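Here's the structure we're looking at; comments come further down.
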Amino acid sequence: MGHKVVTFDISAIRGLWETRVKKHRAWQKKEAERLERSALEKIKEEWNLVAECRRRGVPQAAYCRNGFVDTSVRLLDKLERNLLLRQSSPSEGRGKGSSKFVFELSGEHWTELPDSLKEQTHLKEWHISHTLIETIPAYIKLFQAMRILDLPKNQLSHLPAEIGCLKNLKELNVSFNHLKSIPPELGECENLEKLDCSGNLELTELPFELSNLKQVTFVDISANKFSSVPICVLRMSNLQWLDISNNSLNDLPQDIDRLEELQTFLLYKNKLTYLPYALLNLKKLTLLAVSGDHLVELPTALCDSSTPLKFVNLMDNPIDNIQRQDGEEMMESEQDRQHFDKEFMRAYIEDLKERESVPSYTTKVSFSLQL
């Protein structure tokens with residue numbers, strides 16, 4: 001008895017499956033159209049919006065119009081920004097009465113300032129940090145009452161020329177951004193007292209127009225690429241604190257003693273080979289910090305314990321030449337490292353000020369630990 005052999009036509013099988021696929025796709029299309037016309041998706045969208053608004057503390061009246069939920073795409077974002085403006089409160093220690101004059105913003109989900117900010121021209125302080133904001137809009141000139149502009153750790157690539165219109169500005173902090181220049185119009189802010197441009201990594205000079213800032217007492221331009229002390233800084237006659245550490249200085253100007261009010265001078269992490277005798281003419285100088293790796297000559301009077309000057313000679317051995325494939329990651333890592341180093345030095349300096357006696361030199365060792 002022989003075996004039965006079953007044969008099939010391949011073209012017939014292919015035709016059968018193609019027919020089934022066409023029918024299935026047609027059914028999917030009809031189902032999608034039915035769901036689009038259905039009220040279920042609309043209800044689901046409304047309930048999701050209601051739940052999210054309640055989670056964020058948005059009052060019901062804000063997302064309901066005539067008894068119906070408004071599911072506008074931009075509603076939630078707009079409500080969040082307006083709510084932040086209304087609820088922005090000063091940091092701990094400020095009086096409640098001043099909160100309406102202070103604007104605070106933080107978080108990497110912010111890529112630009114809220115539109116409603118331009119209407120808050122009565123504000124006296126901006127505190128914006130840890131955002132992805134790249135520019136400050138030109139309408140900042142409308143904030144004539146501005147006293148403090150605190151913008152650290154953002155993604156700012158430039159400052160608008162309109163910043164020169166802030167005649168009452170007293171403090172400007174643009175540290176740890178991506179600035180490559182400072183607008184000369186800043187020199188028109190004649191009441192400025194504090195300027196912090198540290199940690200931008202690419203700043204090489206300050207405009208000469210900043211010589212007009214005669215009220216400045218604090219300047220921090222550390223962690224940049226200055227090859228010399230800016231001329232405008234030497235003309236800030238009331239300067240008391242100057243931090244130009246971690247730059248590319250090879251020497252100091254012979255007329256450094258123009259800064260007669262200078263009390264704290266931070267020079268560590270540069271490539272200075274000598275210190276000029278003009279430093280001895282700074283009678284109010286009480287703290288001088290330098291890196292001694294390249295020093296071959298310095299006035300012996302700086303180390304005299306009988307003087308009120310606390311001379312700190314930091315011997316550095318930083319770990320450099322860290323290679324990374326991603327250039328952006330390397331820049332972020334460098335800024336983080338500079339910020340950590342800066343915080344460490346601030347704590348160290350505060351400790352020095354509390355000491356009655358200070359060693360004439362300090363050895364600082366840098367190391368890395370990978371977990």
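Keep in mind it's a predicted model, so treat the numbers as computed, not measured. All values below were derived from every heavy atom in this structure, side-chain atoms included, with hydrogens, water molecules and symmetry-related copies excluded.
Side chains of His130 and Glu108: a donor-acceptor N/O pair is absent below 3.5 angstrom, by distance only. Side chains of Asn246 and Ser222: no donor on one and acceptor on the other come within 3.5 Å. Side-chain contact of Asn200 with Asn224: a donor-acceptor pair under 3.5 Å is absent, judged by distance alone.
Pro160 approaches Pro137 most closely through the heavy-atom pair CG-O, 4.1 Å. Of all the heavy atoms in Lys118 and Thr121, the pair that sits closest is O-CG2, 3.4 Å. Considering every non-hydrogen atom in both Leu186 and Leu213, the closest pair reads O-CD2, 3.7 Å. Asn154 approaches His178 most closely through the heavy-atom pair O-CD2, 4.2 Å. The shortest heavy-atom contact between Pro253 and Pro276 is O-CG, 4.3 Å. Smallest separation of non-hydrogen atoms from Asn212 and Gly187: CB-O, 3.4 Å.
Remark: Gln120 CD to His122 NE2 distance equals 5.0 Å, nearest 0.5 Å. To the nearest 0.5 Å, atom CG of residue Leu285 and atom CD1 of residue Ile256 are 9.5 Å apart. Rounding to the nearest 0.5 Å gives a distance of 7.0 Å between SG of Cys197 and CG of Leu179. To the nearest 0.5 Å, atom CG of residue Leu262 and atom OG1 of residue Thr217 are 11.0 Å apart. Atoms CD and OG, from Glu205 and Ser181 in turn, are 8.5 Å apart once rounded to the nearest 0.5 Å. Here the CE-CD distance, from Met236 to Glu261, works out to 15.0 Å after rounding to the nearest 0.5 Å.
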Would Leu203 and Ile221 satisfy side-chain contact (heavy atoms from CB on, under 4.5 Å), going step by step from the backbone distance to the final call? CA-CA 8 Å; Leu203 276 178; Ile221 51 176; 5.7 Å; no
Does Leu282 form a side-chain contact (heavy atoms from CB on, under 4.5 Å) with Leu288? I'd like the steps, not just the answer. CA-CA 11 Å; Leu282 299 176; Leu288 175 64; over 6 Å; no
Quick one: do Lys225 and Glu202 satisfy salt bridge (charged side-chain N to carboxylate O under 4.0 Å, His left out)? Show the steps, please. CA-CA 6 Å; Lys225 291 185 178 179; Glu202 297 295 331; 3.5 Å; yes
Verify side-chain contact (heavy atoms from CB on, under 4.5 Å) between Leu239 and Val216, making sure each step is shown before the conclusion. CA-CA 6 Å; Leu239 192 61; Val216 172; 4.0 Å; yes
Apply salt bridge (charged side-chain N to carboxylate O under 4.0 Å, His left out) to residues Arg147 and Glu125 and explain how you reach the verdict. CA-CA 6 Å; Arg147 299 291 190 275; Glu125 299 182 19; over 6 Å; no
Stepwise side-chain contact (heavy atoms from CB on, under 4.5 Å) test for Leu149 and Ile140: CA-CA 10 Å; Leu149 196 54; Ile140 193 174; 3.8 Å; yes
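Between Lys170 and Glu193 there is a salt bridge, with a side-chain nitrogen of the basic residue lying less than 4.0 Å from a carboxylate oxygen of the acidic one. Salt-bridge check for Glu190 with Lys214: failed, with every basic side-chain N at 4.0 Å or more from each acidic carboxylate O. With salt bridges taken as basic N to acidic carboxylate O contacts below 4.0 Å, none links Lys284 and Glu260.
Within the 4.5 Å cutoff, no side-chain heavy atoms of Gln155 are placed close to those of Thr131. In this structure the side chain of Leu156 reaches within 4.5 angstrom of the side chain of Ile133, judged on heavy atoms. By the 4.5 Å heavy-atom criterion applied to side chains, Ile128 and Phe103 are counted as neighbours. For the pair Asn168 and Met146, the minimum side-chain heavy-atom distance is 4.5 Å or more. For the pair Pro152 and Phe176, the minimum side-chain heavy-atom distance is 4.5 Å or more. Taking 4.5 Å as the limit, some side-chain heavy atom of Tyr139 sits within range of a side-chain heavy atom of Leu117. Here the side chains of Pro230 and Ile244 are in contact, with some heavy-atom distance below 4.5 Å. The shortest side-chain heavy-atom distance between Lys180 and Ser157 does not fall under the 4.5 Å cut-off.
Ser291 places a side-chain N or O within donor-acceptor distance of the main-chain N or O of Lys269, the cut-off being under 3.5 Å. With hydrogens and angles ignored, the 3.5 Å screen pairs no side-chain donor or acceptor of Asp220 with any backbone N or O of Ser175.
Leu105 and Leu132 fall into different hydrophobic clusters, where Ile, Leu, Val, Met, Phe, Trp and Tyr side chains are chained together by heavy-atom contacts under 4.5 Å. No path of Ile, Leu, Val, Met, Phe, Trp and Tyr side chains, each step under 4.5 Å between heavy atoms, connects Leu195 with Phe208, placing them in separate hydrophobic clusters. Val219 and Ile231 fall into different hydrophobic clusters, where Ile, Leu, Val, Met, Phe, Trp and Tyr side chains are chained together by heavy-atom contacts under 4.5 Å. Under a hydrophobic-cluster definition in which Ile, Leu, Val, Met, Phe, Trp and Tyr are linked whenever side-chain heavy atoms come within less than 4.5 Å, directly or via other members, Tyr274 and Phe226 are assigned to different clusters. In this structure, Leu192 is a member of the same hydrophobic cluster as Leu234, with clusters built from ILVMFWY side-chain heavy atoms closer than 4.5 Å.
More than 12 heavy atoms of other residues, nucleotides or ligands sit less than 6.0 Å from atom CG of Leu280.
For the ring pair (Phe, Tyr, Trp, His ring centres under 6.0 Å) test, residues two or more places apart in sequence or in another chain that qualify with Phe143 are Trp126.
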